[in-house]
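Below is one structure, written out as structure tokens; comments come after it.
In this chain, residues are counted from 1 in sequence order. Since the model is a prediction, treat every value here as computed from it, not as a measurement.
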Amino acid sequence: MADHDAEEGDGRNGSLGFETRAIRGGGEPTAEVGGAGDVVSPIHLASTFAAGRIEDPTAGYSYSRLGNPTRDALEDRLAALEDADRGMAFASGTAAITCFCLATLEPGDHVLAFDSLYGGTRVLFDDLLSGFGIEIEYVDATDPGIVADAMIPETALLWMETPTNPLLKLCDIEALARLAEDGETLLAVDNTFASPSCQQPLALGADAVVYSTTKFLNGHSDSVGGAVLTSDDALAEGVEFVQTYGVGAMLAPFDCYLTLRGIKTLPVRMAQHERNARRIASYLQDEPRVQRVNYPGLESHPQHDLAARQMDGFGGVVSFEIDGGVEEARTLLGELKLFSVAVSLGSVESLIEHPVSMSASYVPEAERRAAGITDSLLRIPVGIENPEDLVADLKGGFEAL
């Protein structure tokens, strides 16, 4: 389980607690290192930089695609959160996944992916990677034995989400890390739903962790971004090369600034997200018009024990199935006053969506059903409002059914 208490370390990041790293990890500019003593990282909007020394014009910053002080500050902060050696900030979570895969896979490789992945990742894998001669196979990764049985000599990557979107399934990161090591395979974990506040995949043996920083890390619905974090220098250099020279998918300075600002309150926000999610999940479990509730913090969740062992908190997303179908789901959404009907997640305001009509609408129906995404499924990214107000709003919506 991730531990937010201070641990022994190098005296800079490793010895600091998570809350401190969220605010001070990676350092801030100071007058001693050429800054003006800012207590926050300034926004460097310049696209190009004057050469510091004529005899060595490549020293320092030269062009913002190649390096930018604000992006460097964010990448250092992200790395500090995970105790990673390297961090890379991307224009979106999808850009992060794309660059990671392009850097690590080649024609003939075999990828084992969780069969409950975010729909956008499945589209990327099926419509882009498969066109490069890469075989994608989806497996029930809730059982490490199933993953082990599916591994072949050509397996180059285990791609996992935990918890998954939108069914909140989990995989055992430590068990999969052992399989990956034995098979000389990379293990990458999309940790977006948990955030580094609730789960630390690198500490559990993953080779890389990927985020949509748009979600909990930024936390305010005002920036789109992504990240890859790793302590494998060769892996980082490959991903950074694709990002910088192959795709040009780096995060803009202003979005870096917004994400840096959001990260500073990540620990306190996640605590409230979880408190509210627990309250809503508990209410939904007792609501007679709800057939099933998916939340790792509930003892009824089939992987609750794994979540308690692997995570430091259960996150802020709840999904549930109502008694009905598409029309009943849309009726409920139309009656809510405090929940905004919208895709995305991880921000201070509570959202609700109908995956079949919204975030998973571009996934073929047969694949949705095979993955367990039904017409009656709804997903709530729980915000940090008063939880009783949120429960009262849901009760009002159910009365209309």
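Side-chain contact between L124 and T98 is present, with at least one heavy-atom pair separated by less than 4.5 Å. L187 places none of its side-chain heavy atoms less than 4.5 Å from the side chain of E181. Residues L105 and F132 form no side-chain contact, since every pair of their non-hydrogen atoms from C-beta on lies 4.5 Å or further apart. Side-chain contact between V356 and I373: present, with at least one pair of heavy atoms (C-beta onward) separated by less than 4.5 Å. Residues L157 and L112 have side chains not in contact (no heavy-atom distance under 4.5 Å, counting atoms from C-beta outward). Proximity of V247 to C99: side-chain heavy atoms (C-beta onward) are separated by under 4.5 Å at one or more points. Here the side chains of F90 and I97 are not in contact, with every heavy-atom distance at 4.5 Å or above. Proximity of L235 to F100: side-chain heavy atoms (C-beta onward) are separated by under 4.5 Å at one or more points.
Of all non-hydrogen atoms in G346 and P381, the two that sit nearest each other are N-CB, 4.1 Å. Scanning all heavy atoms of the two residues, the minimum distance from Q303 to C171 falls at NE2-N, 4.4 Å. Between L351 and S344, the closest heavy-atom pair is CD1-O, 3.6 Å. Smallest separation of non-hydrogen atoms from A227 and T213: CB-CG2, 3.8 Å. The two atoms that bring L66 and R71 nearest to each other are C-NH2, 3.8 Å, heavy atoms only. In plain terms, the two heavy atoms of G26 and A80 that are nearest each other are N-CB, 3.9 Å.
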### Task
Could you walk me through whether N218 and L258 pass side chain to side chain contact (heavy atoms under 4.5 Å, CB included), step by step?
CA-CA 7 Å; N218 171 263; L258 291 173; 3.8 Å; yes

### Task
Please report the C-alpha distance between L81 and L229 in whole Å, then the side-chain angles of each, then the deciding distance to 0.1 Å, and finally whether the side chain to side chain contact (heavy atoms under 4.5 Å, CB included) criterion is met.
CA-CA 10 Å; L81 290 180; L229 307 172; 5.9 Å; no

### Task
For side chain to side chain contact (heavy atoms under 4.5 Å, CB included), just list the numbers for L332 and L378, CA-CA rounded to whole Å, side-chain angles, deciding distance to a tenth of an Å, and then say yes or no.
CA-CA 10 Å; L332 175 61; L378 295 170; 3.5 Å; yes

### R65 and T244: CA distance, side-chain angles, deciding distance, side-chain hydrogen bond (donor to acceptor under 3.5 Å, both in side chains) verdict
CA-CA 6 Å; R65 175 169 56 81; T244 303; over 6 Å; no

### Query
Can you check ring-ring contact (aromatic ring centres under 6.0 Å, His included) on F216 and H273, steps first, answer last?
CA-CA 10 Å; F216 288 110; H273 282 301; 5.1 Å; yes

#### Entry: Worked verdict on I134 versus F125 for side chain to side chain contact (heavy atoms under 4.5 Å, CB included)
CA-CA 9 Å; I134 297 166; F125 283 4; over 6 Å; no

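Judged by distance alone, with hydrogens and angles left aside, the side-chain atoms of N276 form no donor-acceptor pair with the main-chain N or O of V382 at under 3.5 Å. Side-chain N or O atoms of E161 include one that pairs as donor or acceptor with a backbone N or O of Y118 at under 3.5 Å. Between the side chain of Y295 and the backbone N or O of G315 there is at least one donor-acceptor pair closer than 3.5 Å. Under a 3.5 Å cut-off, the side chain of T70 and the backbone N or O of C256 do not form any donor-acceptor pair. For the pair D393 (side chain) and L338 (backbone), a donor-acceptor distance under 3.5 Å is present. In this structure, R178 contributes its side chain and G205 its backbone to no donor-acceptor pair below 3.5 Å. Without hydrogens or angle criteria, T121 side chain to L117 main chain gives no donor-acceptor distance under 3.5 Å. No donor-acceptor pair closer than 3.5 Å links the side chain of S92 to the backbone N or O of G226. Remark: the backbone N or O of V293 is not paired with any side-chain donor or acceptor of Q285 at under 3.5 angstrom. Side-chain N or O atoms of Q199 include none that pairs as donor or acceptor with a backbone N or O of P163 at under 3.5 Å.
Counting only residues at least two apart or in different chains, salt bridge (charged side-chain N to carboxylate O under 4.0 Å, His left out) contacts with residues 276-301 comprise E274-R278, R279-E388, E287-R289. Each salt bridge (charged side-chain N to carboxylate O under 4.0 Å, His left out) pair with one or both residues in residues 115-140, not counting sequence neighbours, appears once here: R122-E367. The stretch residues 241-262 participates, sequence neighbours left out, in these salt bridge (charged side-chain N to carboxylate O under 4.0 Å, His left out) pairs: D222-R261. Note on residues 162-175: pairs passing side-chain hydrogen bond (donor to acceptor under 3.5 Å, both in side chains), not counting sequence neighbours, are S116-T164, N165-R379, D172-R309.
Taken to the nearest 0.5 Å, the CZ atom of F339 stands 5.0 Å off from the OG atom of S350. Distance check: E349 CD to S340 OG gives 6.5 Å after rounding to the nearest 0.5 Å. Interatomic distance, L377 CG to R368 CZ, rounded to the nearest 0.5 Å: 11.0 Å. To the nearest 0.5 Å, atoms CE (M270) and OG (S195) are separated by 4.0 Å. To the nearest 0.5 Å, atoms CG (L74) and OG (S41) are separated by 9.0 Å. Distance CG/L284 to NZ/K395: 11.0 Å, rounded to 0.5 Å.
Defined by atom type and a distance below 3.5 Å, a donor-acceptor pair is missing between the side-chain atoms of T230 and D232. With no hydrogens or angles considered, a side-chain donor-acceptor pair links T214 and S212 at under 3.5 Å. At a cut-off of 3.5 Å, with distance as the only test, no side-chain donor of S347 or H220 sits close to an acceptor on the other residue. In this structure, a donor-acceptor pair under 3.5 Å is absent between the side chains of Y61 and N68. Side-chain atoms of S376 and T374 form a donor-acceptor pair, as typed in the model, at a separation below 3.5 Å.
H304 has its ring centre less than 6.0 Å from the ring centre of F314.
In this structure, R86 does not pair ionically with E75, as no charged nitrogen and carboxylate oxygen lie closer than 4.0 Å. By the 4.0 Å N-to-carboxylate-O rule, D375 lies close enough to R369 to be salt-bridged with it.
When the shell of 6.0 Å around OH of Y257 is examined, it contains 12 or fewer heavy atoms from other residues, nucleotides or ligands.
With sequence neighbours left out, the salt bridge (Lys or Arg N to Asp or Glu O under 4.0 Å) criterion links R269 to no other residue. The salt bridge (Lys or Arg N to Asp or Glu O under 4.0 Å) search around E184 returns none, not counting sequence neighbours.
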